[in-house]
Novice: 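This is the structure I have questions about; it appears just below.
First the proteins, then the strands, lettered A, B, ... as listed; each starts at 1.
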Protein chains: 2
Amino acid sequence: MNAMTKTKGTQVLPLNTILAGDCIEQMNSLPAESVDLIFADPPYNLQLRGDLHRPDNSRVDAVDDHWDQFASFQVYDDFTRAWLKAAHRLLKPNGAIWVIGSYHNIFRVGASLQDAGYWILNDVVWRKSNPMPNFRGKRFTNAHETMIWASKSEGAKYTFNYEALKALNEGIQMRSDWVLPICNGGERLKDANGDKAHPTQKPMSLLHRVLVGSTNPGDVVLDPFFGTGTTGAVAKMLGRDWIGIEREESYREVATRRIADVRAFDRSALEVTRAKRAEPRVPFGQLVERGMLSPGETLVSPTGKIARVRADGTLVGDGVKGSIHQVGAHLEGAPSCNGWTYWQFRKDGKTVPIDVLRQQIRAEMADRA
Amino acid sequence: MNAMTKTKGTQVLPLNTILAGDCIEQMNSLPAESVDLIFADPPYNLQLRGDLHRPDNSRVDAVDDHWDQFASFQVYDDFTRAWLKAAHRLLKPNGAIWVIGSYHNIFRVGASLQDAGYWILNDVVWRKSNPMPNFRGKRFTNAHETMIWASKSEGAKYTFNYEALKALNEGIQMRSDWVLPICNGGERLKDANGDKAHPTQKPMSLLHRVLVGSTNPGDVVLDPFFGTGTTGAVAKMLGRDWIGIEREESYREVATRRIADVRAFDRSALEVTRAKRAEPRVPFGQLVERGMLSPGETLVSPTGKIARVRADGTLVGDGVKGSIHQVGAHLEGAPSCNGWTYWQFRKDGKTVPIDVLRQQIRAEMADRA
DNA sequence: TGGTCCATTGAATCGATTC
DNA sequence: GGAATCGATTCAATGGACC
């Protein structure tokens, strides 16, 4: 494994390695605001008395079942709040987190996320195409798990590769319910006895969608409950840096071997459909300056409205002067208008959207770069 | 309406009526342990900012009603705990509750349910077949809502009509994700102006499945946030008794008229839950996510053209990026192209159409249904 | 009567950059 | 830091108009 490092202030970020030990302690040892994305699959089959440290180490006296249950939730909440707080510190201001869980724990995790200042962006349902049936016929087949996607704070500029996800879904915007099979077959890691190496190994397809959608190549992805390292394996494939934290030595060994066998995809294949928002801005006036449109020339809209181009790159239509957007919005009585797609000019007897002229300029800019 | 009563101790249960006023006060006025099932659709605490416009500039008529406004999570939690406590008292020992919500509130509701001693049996996802899209391309389409089904306490003998649900689902065990359309068309109640009478009317299909699955004929069903009375209408159809509680007079009026028009054991009750079985659409991107094809891998066409797979499920060929169909059409100079039959990949020295991989996925989906 | 086209709408935490 | 400006962005279903 290639254990690179990045420096952040005076501290060092141990990239592409698995840290051993308690995830809260390990997260606290890493520099603040150094991670782009956290993917967390926290435990919920807790042996509460032994496994998890309580803040005051006092023993709970179980007065009755209800109280005992309530106390157990308290312990779980304390644990959840603690690791979410450590994670919050690690995230860059525009970072984000994904947490996966089932009805046993996801409601407590979600409420704790909100209380800790994270801002929920979506809850996403992983709809399993081949779940374990409910053999006793006493409940519904438990056929899904829930993921919460949240930014570090309200108003943060999280990463969302909308176009890439839309492409993954063949041109239709990606929904909050994902139909993907559970991890089995050759992907499912086995131990020496041929038993499954980890009880809840997540499928790589799930992480593929998460990482393509909410990170960019070169981003740092942290998984505080690394297990057998699905997050690391997919991150490596996709050209993202990763950090894993895992307490159990046996899982660390399996994950280390597994990730070593993974080959990163070719850099060019990782390029993803770009958002139009990311394209460089072109002022409309440049079309006039460059003679692509002439002052006095008439533009028409799909609705038959007309306006004339002025030398300073503004339009006049219906007595109103302003930008291509402002005049379009005025003529349509609309709150806003994208003038680039609204206005057309005449060329060889046909009407052509002025956006093609902008595309020409952008293509030239790309050639020169 | 037929306002029957049942007596419980010295108190009387007002059946098949809508009680006016605050749901907590009204619940506290009813006798303890008198209700078999509670279905609750509480305010979601949506936190809208400004106006939202569709790409065609029309304005989205969002939920901005006063009853959905809460000052903080703290206030919302207090409200939730209070009505859940009152509901808990009303339930018979073997009674159960359903609560529906979105990511804005459901995590808080779920945690409060657990804290109040309810025992979660399943979380059930309502996958909307026709959700409102995400207009700004900033998040995933919000395509589902979450329902929590819980018994009054751990170990309670709740009602679950396994066979009836299996029959509803064409002989296959009912899963925890239900695909049902949102409420529109003739079922959607309108006011005198032709506007929607209630912003969040739930579809009858949803309640039909809930009541068939978790009540028996003659059971008493309470809905503390009655709205326009979908719960009452479906309960009447299915021969269950119901009690509604609703603060807003206008909603009570609409609900009263609506339920009066319902005929018990209406034929439509049998059709209402039968969701259309949609042809499973398999996006090409899923082949990449699932590792059946790798980013960077080369595809070939029968005419000898080549293209490379990218991480987002698009292709690059001859410098053109796009879907399997678009790139195929470009390379052939054709107006359109079926990429599934056009493109082939190499396997064991042979070329195989990618459609084989799609068929593989469809077969898996059909096996498990 | 049937088919096509177009307008409408649904529980929504739905900008970014420059001035 | 607030205001102005640029300019990107939608899927499924229903129902009415029109031919």
Novice: Which residues pass the ring pair (Phe, Tyr, Trp, His ring centres under 6.0 Å) test with B/Phe226, not counting sequence neighbours?
Specialist: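 For B/Phe226 the ring pair (Phe, Tyr, Trp, His ring centres under 6.0 Å) partners, ignoring immediate neighbours, are B/Trp242.
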Novice: Can you list the residues that meet the side-chain hydrogen bond (donor to acceptor under 3.5 Å, both in side chains) rule with A/Glu170, with sequence neighbours excluded?
Specialist: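 None.
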Novice: Using the C1' atom as the point on both nucleotides, what is the distance between D/dG1 and C/dA16, in whole Å?
Specialist: 16 Å
Novice: Who are the ring pair (Phe, Tyr, Trp, His ring centres under 6.0 Å) partners of A/Tyr118, not counting sequence neighbours?
Specialist: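 A/Tyr118 satisfies ring pair (Phe, Tyr, Trp, His ring centres under 6.0 Å) with A/His88 only.
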Novice: Can you build the contact string for nucleotides 4-14 of chain C? Use B for base contact, S for sugar-phosphate-only contact, and - for no protein heavy atom under 4.0 Å.
Specialist: -----BBBBBB
Novice: Can you sort out the partners of A/Tyr158 under side-chain hydrogen bond (donor to acceptor under 3.5 Å, both in side chains), two or more places apart, ordered by chain and number?
Specialist: none
Novice: Can you list, by residue number, the residues of residues 169-180 of chain A that have a non-hydrogen atom closer than 4.0 angstrom to DNA chain C?
Specialist: none
Novice: For atom C1', what is the distance between D/dC19 and C/dT1, given to the nearest Å?
Specialist: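 Straight-line distance between the two C1' atoms is 12 Å.
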Novice: Who passes side-chain hydrogen bond (donor to acceptor under 3.5 Å, both in side chains) against A/Trp119, sequence neighbours left out?
Specialist: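 Testing A/Trp119 for side-chain hydrogen bond (donor to acceptor under 3.5 Å, both in side chains), a comparison that skips the adjacent residues, returns none.
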Novice: I want to verify the glycosidic state of C/dT4; is it syn or anti under the 90° rule?
Specialist: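 Here C/dT4 takes the anti form, which means its glycosidic angle is more than 90° from 0.
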Novice: Note every stem involving DNA chain D: at least three consecutive Watson-Crick or G-U wobble pairs, i with j then i+1 with j-1, with both distances under 3.5 Å.
Specialist: C:2-10 with D:11-19, C:15-19 with D:2-6
Novice: Using a 6.0 Å distance limit plus a 45 degree cone around the ring axis, check whether B/Arg108 lies over the aromatic ring of B/Tyr76.
Specialist: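 No, cation not above the ring by the 6.0 Å, 45° rule.
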Novice: For residues 275-282 of chain A, tabulate all N or O donor-acceptor pairs below 3.5 Å that involve a side-chain atom, not counting sequence neighbours.
Specialist:
| from | atom 1 | to | atom 2 | distance (Å) |
| --- | --- | --- | --- | --- |
| A/Arg277 | NH2 | B/Arg136 | O | 2.8 |

Novice: With sequence neighbours left out, what residues match A/Trp178 under ring pair (Phe, Tyr, Trp, His ring centres under 6.0 Å)?
Specialist: A/Trp98, B/Phe140
Novice: What pairs with A/Phe345 under ring pair (Phe, Tyr, Trp, His ring centres under 6.0 Å), at least two apart in sequence or on another chain?
Specialist: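 Result, ring pair (Phe, Tyr, Trp, His ring centres under 6.0 Å) vs A/Phe345: none returned.
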Novice: Going by the rule side-chain hydrogen bond (donor to acceptor under 3.5 Å, both in side chains), which residues pair with A/His330 if we only count those two or more places apart in sequence or in a different chain?
Specialist: A/Asp318
